J.: 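One structure is given below, represented as structure tokens, and several questions about it will come after.
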Amino acid sequence: MGEPHSRSSRLGGGPEPGCRPSPPSQFELFFSVGLVIWEEGAGGWSNMQCSTRRMGIITDVHRRFLQLMMTHGVLEEQDVTRLQKHCYKVHDRNATVEKLEDFINNINSVLEPLYIEVKKGVTEDDGRPIYALVNLATSSVSKMASDFAENELDLFRKALELIIDSDSGFASSTNILNLVDQLKGKKMRKKEAEQVLQKFVQNKWLIEKEGEFTLHGRAILEMGQYIRETYPDAVKMCNICHGLLIQGQSCETCGIRMHLPCVAKYFQSVSEPRCPHCNDYWPHEIPEVFNPEKEREAAGVSKANRKSLRSRQH
Amino acid sequence: MLQKTRFRGRPSTQAETERDWGHGRETRTPQGAADEVPSTSRGASGSQEAAGTRSPSARSASAAPAMELKVAELVQFLLIKDQKKIPIKRTDILKHVIGDYKDIFPDLLKLAAQRLEYVFGYKLVELEPKSNSYILINTLEPVEEDAEVRGDQGTPTTGLLMIVLGLIFMKGNTIKETEVWDFLRRLGVYPTKKHFIFGDPKKLITEDFVRQRYLEYRRIPHTDPVDYEFQWGPRTNLETTKMKVLKFVAKVHNQDPKDWPAQYCEALADEAARARPPPSVPAPSS
């Protein structure tokens with residue numbers, strides 16, 4: 001839930017002699033244009049040997065998919081499916097379309113030795129599945145390729161801290177902008193900072209709702225481990241899936257928290273929801289479980305609208 | 001807290017790393033290592049499938065894990081750097097990725113090139129012979145629907161670039177800057193006026209496209225007032241052909257490429273020249 005599942009236990013790596021980066025520079029790694037650097041149990045070399053053995057066969061269908069996935073960084077499942085169909089149409093009309101899960105696994109098998117992975121997660125608010133191309137290895141190489149300047153990264157860090165420290169998982173733009181005087185690097189004005197925040201939203205690192213910011217699922221997929229290790233005292237966990245929780249519901253008696261999609265599943269068809277920890281009455285509205293069928297119907301209706309919007313943009 | 005995990009899985013001391021390298025060198029030459037990659041990355045269908053038996057090539061690959069990791073870093077570095085479309089300098093690769101592994105740089109580069117092409121469909125080529133800078137060429141033909149699935153994240157500047165490339169080719173492969181702006185003005189693109197899609201067109205054409213090496217831009221000597229001229233840059237010749245550009249121009253004019261006999265002949269000759277094996281292989285020099 002929210003937090004990606006680690007496929008294997010993390011193996012502690014020795015710091016490389018002579019070039020240990022300071023945490024702030026490490027932080028920049030997260031912004032290397034979709035190829036974000038964080039290791040999350042990519043497996044040691046023993047795993048890598050296995051992967052060599054079960055490495056799948058990939059074709060231009062997979063390659064085009066990967067290329068387009070790289071330009072997006074993150075996509076919702078329905079768009080991933082659309083992308084997959086598109087790639088089959090371009091290269092191999094007659095081939096049977098691989099099941100999405102197998103298709104992604106196949107791609108991941110060749111990505112593994114490169115420490116890159118197409119990772120699946122879900123959005124924290126309504127539980128829709130998303131896929132992001134993430135980087136599993138820490139490496140110093142991509143930080144220069146970062147799209148963001150030092151002060152911009154520091155602004156993100158400030159926003160991240162406010163979001164994590166908040167009870168709701170949201171930080172107001174006012175509170176974030178009040179910190180611009182403390183930023184490292186070049187001086188930033190509030191007006192500029194507002195634009196940078198919008199850039200974070202565009203690049204799907206942050207989500208904005210009514211002047212408040214929270215983390216995008218992409219950021220959680222890519223930085224989950226970093227956040228847990230950097231803010232061990234401030235982070236919240238979900239009582240159901242035990243993953244990192246940014247926004248969710250909490251028990252007013254014992255204080256445990258749950259992701260909204262976890263709440264939805266846990267209390268599905270329960271008439272009198274009670275806290276799984278203290279058994280007290282659960283005082284929040286129970287959200288609906290994400291239903292892709294329903295989603296598709298809604299998408300069918302709005303598709304025409306979206307299309308006209310796109311053509312206007314060009 | 002935040003650990004550097006390059007050599008994750010094996011807390012590597014310098015000595016250990018060196019031992020790995022020594023082992024790698026003993027068992028096979030670096031050349032051999034390079035040749036082996038396609039067999040490991042493509043070989044899942046063959047004999048390697050047998051469950052539980054580790055294939056010889058997989059085992060020997062484990063002999064140089066540090067090298068594998070360097071290759072992974074190199075691949076990521078090249079992918080990220082290429083997004084800005086500025087040729088990647090060999091010295092930058094050495095400085096930021098290769099570090100102490102300088103003596104096997106050609107082998108690392110060869111392995112990275114194989115991975116890039118097999119996994120992502122990008123071909124690593126040296127921009128010009130002995131230029132020591134590299135670019136990635138997409139081996140997959142762009143299709144129009146790509147833009148559709150990409151949403152609005154396409155690159156509208158490519159259209160302007162194609163227009164300028166077409167103009168250069170149609171005008172005999174060299175064109176004065178003043179002529180370019182005379183033409184673009186008719187399309188509503190002015191050198192001094194901010195454009196709603198292209199931003200600062202003057203900067204885009206005379207700086208960005210030049211730095212990306214799509215265009216050559218130089219001062220014409222002994223002119224008063226000062227004027228500059230454009231030609232195709234080396235990236236253009238690697239990413240596209242005269243025939244493709246001519247077809248683009250013809251499409252824009254709703255005409256046939258053969259309607260411009262001189263350019264058509266030149267484009268045909270260019271295609272024939274490309275079909276011949278090149279005198280020097282344009283692959284990364286080793």
Side-chain angles (χ1 to χ4, degrees), chain A residues 10-17 19-21 23 26 32-33 35 37 39 42-49 52-58 60 63-64 66-68 70-72 79 82-83 86 89-90 109-111 113-116 135 137-142 144-145 226 229-230 310 313-314, chain B residues 1-14 40-45 48-49 54-55 57-59 61-62 65 68-69 71-77 79-81 83-84 92 96-97 99 115 118-122 138-141 143 145-154 156:
Chain A
R10 222 143 45 73
L11 300 161
E16 204 191 343
C19 73
R20 184 195 293 258
Q26 195 84 30
S32 49
V33 223
L35 290 169
I37 308 294
E39 55 92 19
W45 286 103
S46 54
N47 263 18
M48 211 147 277
Q49 286 160 25
T52 314
R53 210 176 56 231
R54 61 171 167 77
M55 188 108 73
I57 296 291
I58 65 160
D60 282 349
R63 292 184 191 107
R64 185 174 298 269
L66 251 178
Q67 286 187 3
L68 291 165
M70 266 195 286
T71 67
H72 284 285
D79 294 325
R82 202 157 61 99
L83 195 63
H86 161 73
K89 214 171 102 197
V90 173
S109 73
V110 296
L111 285 179
L114 300 174
Y115 286 71
I116 303 169
N135 203 317
T138 312
S139 137
S140 65
V141 295
S142 36
M144 319 83 51
Y226 166 85
E229 295 189 13
T230 313
R310 200 157 33 223
Q313 280 167 341
H314 283 293
Chain B
M1 187 167 46
L2 263 180
Q3 261 185 338
K4 190 115 171 87
T5 47
R6 284 188 177 189
F7 293 92
R8 179 158 31 97
R10 26 176 47 245
S12 61
T13 60
Q14 193 63 41
T40 52
S41 55
R42 285 166 214 258
S45 62
Q48 297 182 27
E49 281 291 60
R54 207 186 274 166
S55 75
S57 65
R59 200 181 308 130
S62 71
E68 282 280 327
L69 203 45
V71 170
E73 286 184 5
L74 190 48
V75 165
Q76 292 185 8
F77 181 81
L79 279 174
I80 292 165
K81 278 293 180 192
Q83 297 192 343
K84 294 212 159 69
D92 282 341
H96 297 295
V97 190
R115 289 283 163 86
Y118 179 67
V119 179
F120 296 96
Y122 291 126
N138 198 344
T139 63
L140 308 179
E141 286 289 321
V143 294
E145 298 81 35
D146 277 357
E148 166 79 12
V149 291
R150 252 201 319 252
D152 56 358
Q153 294 185 34

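Worth saying up front: this structure is predicted, and the values here are computed from it rather than measured.
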J.: Using a 6.0 Å distance limit plus a 45 degree cone around the ring axis, check whether R64(A) lies over the aromatic ring of F120(B).
T.: no
J.: Within the structure provided, determine whether V75(B) and Y115(A) are in side-chain contact (heavy-atom separation under 4.5 Å).
T.: no
J.: Minimum heavy-atom separation for G121(B) and Q67(A), please, with both atom names.
T.: O-NE2, 3.7 Å
J.: Quick check on side chain to side chain contact (heavy atoms under 4.5 Å, CB included): which of L74(B), V119(B), L79(B) does L114(A) satisfy it with?
T.: V119(B)
J.: Identify the two heavy atoms, one from A72(B) and one from P113(A), that lie closest to each other, and give their separation to 0.1 Å.
T.: CB-O, 3.5 Å
